[in-house]
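All values derive from a computational prediction rather than experimental measurement. Hydrogens, waters and symmetry mates play no part in the numbers below; they use all other heavy atoms, side chains included.
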Amino acid sequence: MSKTGKTAKNILFVMHDQLRFDYLSCTGHPHLRTPNFDRVASMGVRFTNAYAQSPVCGASRMSFYTGRYVSSHGAQWNGFPIRVGELTLGDHLRHHGMSCWLIGKTHMKADAEGMARLGLAPDSVIGARQAECGFDAWIRDDGLWGEGPDGYYDERHSPYNEYLRSKGYPGTNPWADFANAGSDDDEIASGWMLANSDKPANIREPDSETPWLTREAVRFIDQATDPWCAHLSYIKPHWPYIVPAPYHAMYGPNHVPAPRRHDVERDDPHPVYGAYMENRIAAAFQNDEARQKAVRAYMGLIKQCDDQLGKLLDHLDATDRMDSTMIVLTSDHGDYLGDHWLGEKDLFHEPSVKIPLIIYDPRPDADGTRGQTCDALVESIDVAATFVEFAGGKVPDHVIEGRSLLPLIRGESPAWREFVISEYDYSVTPQCAKLGLEPRDARLFMVFDGRFKMMHAEGGFRPMLFDLETDPDEFHDLAKGDAHQGEIDRLYGCLAKWGRRLAQRVTKSEDDIKAMRGRSLRKGILPFLVDGSEVEDEFTARYRGRAPARFAED
């Protein structure tokens, strides 16, 4: 029951794409005020050590949706299909009487070959769910409607472009011409160029992507009756870094934190790190003028996200749903924004791999932790486990590899994990080619125990190691010398322990296996008995007594 005695039956699962953990006022940003994120934090628990399972959109999201590590579900990069039949949130929650809906982005690609092999029609209910990562799609829009010499980046239908055309924006791709562009002397000033990030997007603010998705969420909520999980997956503040007025001009140069980077990082860097510091993304963010414009737009996009979150919270309050709805606020990964000489995401420094996670549980057993923080080591796969328990189910821990956070939200002190893992497959990137690696060797693993963070790189490279207690900015790679070999060996032991996890026995649970023990005896399979006295009489009853008459011979 909720605080007011109502049954808590709904989940609003809000994800903001590429939102850094420290770009909220409740997480300590010096200038960016986010009162509505703070409002949810005051109602629930903010987890201060939450980590994505991969610092790239597609792989991270598939871990959120399956509750499984990246190397378990296998969809390790954007556009890598998640294999047909992989259990997802929708499968787990529908089993417990809760529908599961998508509003926005998944970055998921269907396993079309697998569906064809199994004869699953894309327009059937099960086929549609397989094609949408287990969700029923209220509206899906992945948000990047790029258009180049070889056609569109995303060849699917764009509901957002359809909306813009309905509002009078002309052209075949108004996203590119209006939502992702300003204007400069009547010329398109595309958001793809950071030089244009200080310009207002050439669109009415209510028609931009974030307000549009908020209205779609309200429309869904207003018609929903049965218990539901709604995955409201915002496209922003992911690049392109351009935002409509008035948000484009809310922040000036004095509001932009200086980049956290140090010359020592460029002194004999790890080869993979060095390759990323030299790519085009890093070069753009090493340009101080371009970085200034991009970060100010990024902050404006977050402010717009916060304002829209406020409208959503107010609607839940006004329609008497706040006390029956769990609210989860998170992100799929962060954004370097020039820190560590990098842009975007990809590696395992805190700005990239650490994520915000705020959970409001309206039920009375969470009253004791409202407004508190929790510093337990949390992984994104824990969200799926939390939802299953909230829906009234037992977490199938032979499938879902995360752990329910509800005991922590209730203020309990369960035995907890000692380290977190993140994985990154960079086989399709220019960095893989630059390093001369085969795709199978272009893989990185992070092990973090709350103090020491190690990155292991396949392909014969040395590791990286940081001590976040003495070096919270992660400037000094301790693996350049041999003074910390003991910590490296210990963390490799953690990685080996994780590698031995039970990941693929997903068709039989522990309870199923225990129930199977001895079942064959009761079915009359009695191998290796000497005289039958080894088992109870009931097991041999069928095989004792007078022998039947011989069969008649021809």
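Side chains of Arg61 and Asp17 form a contact here, defined as non-hydrogen atoms less than 4.5 Å apart. Counting heavy atoms from C-beta outward, Val45 and Ile359 have side chains that stay 4.5 Å or more apart. Looking at Met15 and Tyr234, their side chains never come closer than 4.5 Å, going by heavy atoms from C-beta outward. Proximity of Tyr69 to Arg501: side-chain heavy atoms (C-beta onward) are separated by under 4.5 Å at one or more points. Looking at Phe390 and Arg363, their side chains come closer than 4.5 Å, going by heavy atoms from C-beta outward. With contacts defined as side-chain heavy-atom distances shorter than 4.5 Å, the pair Ser63/Arg68 does not qualify. Counting heavy atoms from C-beta on, the side chains of Asp222 and Arg219 never come closer than 4.5 Å. A 4.5 Å side-chain heavy-atom check between Leu406 and Asp361 finds at least one atom pair inside the cut-off.
Looking only at distances, no side-chain donor or acceptor of Ser352 sits under 3.5 Å from a matching main-chain atom of Phe348. A donor-acceptor contact shorter than 3.5 Å links the side chain of Gln53 to the backbone of Ile421. The backbone N or O of Leu377 lies less than 3.5 Å from a partner atom in the side chain of Arg417, making a donor-acceptor pair. Judged by distance alone, with hydrogens and angles left aside, the side-chain atoms of Asp136 form no donor-acceptor pair with the main-chain N or O of Trp101 at under 3.5 Å. Panel note: side chain Ser422, backbone Met446; no donor-acceptor pair is recorded below 3.5 Å. In terms of modelled atom types and a separation under 3.5 Å, the side chain of Asn161 and the main chain of Ser158 share no donor-acceptor contact.
Partner of Arg20 under the salt bridge (charged side-chain N to carboxylate O under 4.0 Å, His left out) criterion, chosen from Asp335, Asp332, Asp339: Asp339. Here the options are Arg156, Lys105, Lys109, the test is salt bridge (charged side-chain N to carboxylate O under 4.0 Å, His left out), and the partner is Asp142; only Arg156 passes. Screening Trp138, Phe64, Tyr65 against His231 for a ring-ring contact (aromatic ring centres under 6.0 Å, His included) leaves a single residue, Tyr65.
For the pair Lys354 and Phe21, the cation-pi criterion (under 6.0 Å, within 45° of the ring axis) is fulfilled.
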Q.
Test ring-ring contact (aromatic ring centres under 6.0 Å, His included) on Trp212 and Tyr160; report intermediate values, then the result.
A. CA-CA 8 Å; Trp212 169 69; Tyr160 180 58; 5.0 Å; yes
Q. Can you check ring-ring contact (aromatic ring centres under 6.0 Å, His included) on Phe448 and Phe419, steps first, answer last?
A. CA-CA 5 Å; Phe448 178 51; Phe419 56 87; over 10 Å; no
Q: Under the ring-ring contact (aromatic ring centres under 6.0 Å, His included) rule, what do Trp228 and Phe220 come out as? Steps first, then yes or no, please.
A: CA-CA 10 Å; Trp228 48 263; Phe220 166 80; 5.5 Å; yes
Q: Starting from the C-alpha separation in whole Å, work towards a yes-or-no answer on salt bridge (Lys or Arg N to Asp or Glu O under 4.0 Å) for Arg46 and Asp375.
A: CA-CA 9 Å; Arg46 180 170 63 83; Asp375 61 2; over 6 Å; no
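Ion pairing between Arg39 and Asp314 holds under the 4.0 Å rule for side-chain N and carboxylate O. Electrostatic pairing of Lys453 and Glu350 counts as a salt bridge here, judged by a charged N lying under 4.0 Å from a carboxylate O.
Listed by chain and number, the residues in a side chain to side chain donor-acceptor pair (under 3.5 Å) with His349 are Tyr336 (sequence neighbours excluded).
Between His238 and His333, the ring-plane angle classifies as perpendicular under the 30° and 60° cut-offs.
The ring pair (Phe, Tyr, Trp, His ring centres under 6.0 Å) pairs that include a residue from residues 26-48 are His16-Phe37, Tyr23-His29, His31-His255, where partners are two or more places apart or lie in different chains.
A centroid separation of 6.0 Å or more is found between the aromatic rings of Phe475 and Phe466. Taking the six-membered ring for Trp, Tyr153 and Trp145 have ring centres at least 6.0 Å apart.
Between the side chains of Ser71 and Glu423, at least one donor-acceptor pair of N or O atoms lies under 3.5 Å.
Taken from OG in Ser72 to CD1 in Ile381, the straight-line distance is 8.0 Å, to the nearest 0.5 Å. A distance of 11.0 Å separates CD1 in Ile235 from NE2 in His107, rounded to the nearest 0.5 Å. Separating the CE atom in Met108 from the CE atom in Met62 is a distance of 6.5 Å, to the nearest 0.5 Å.
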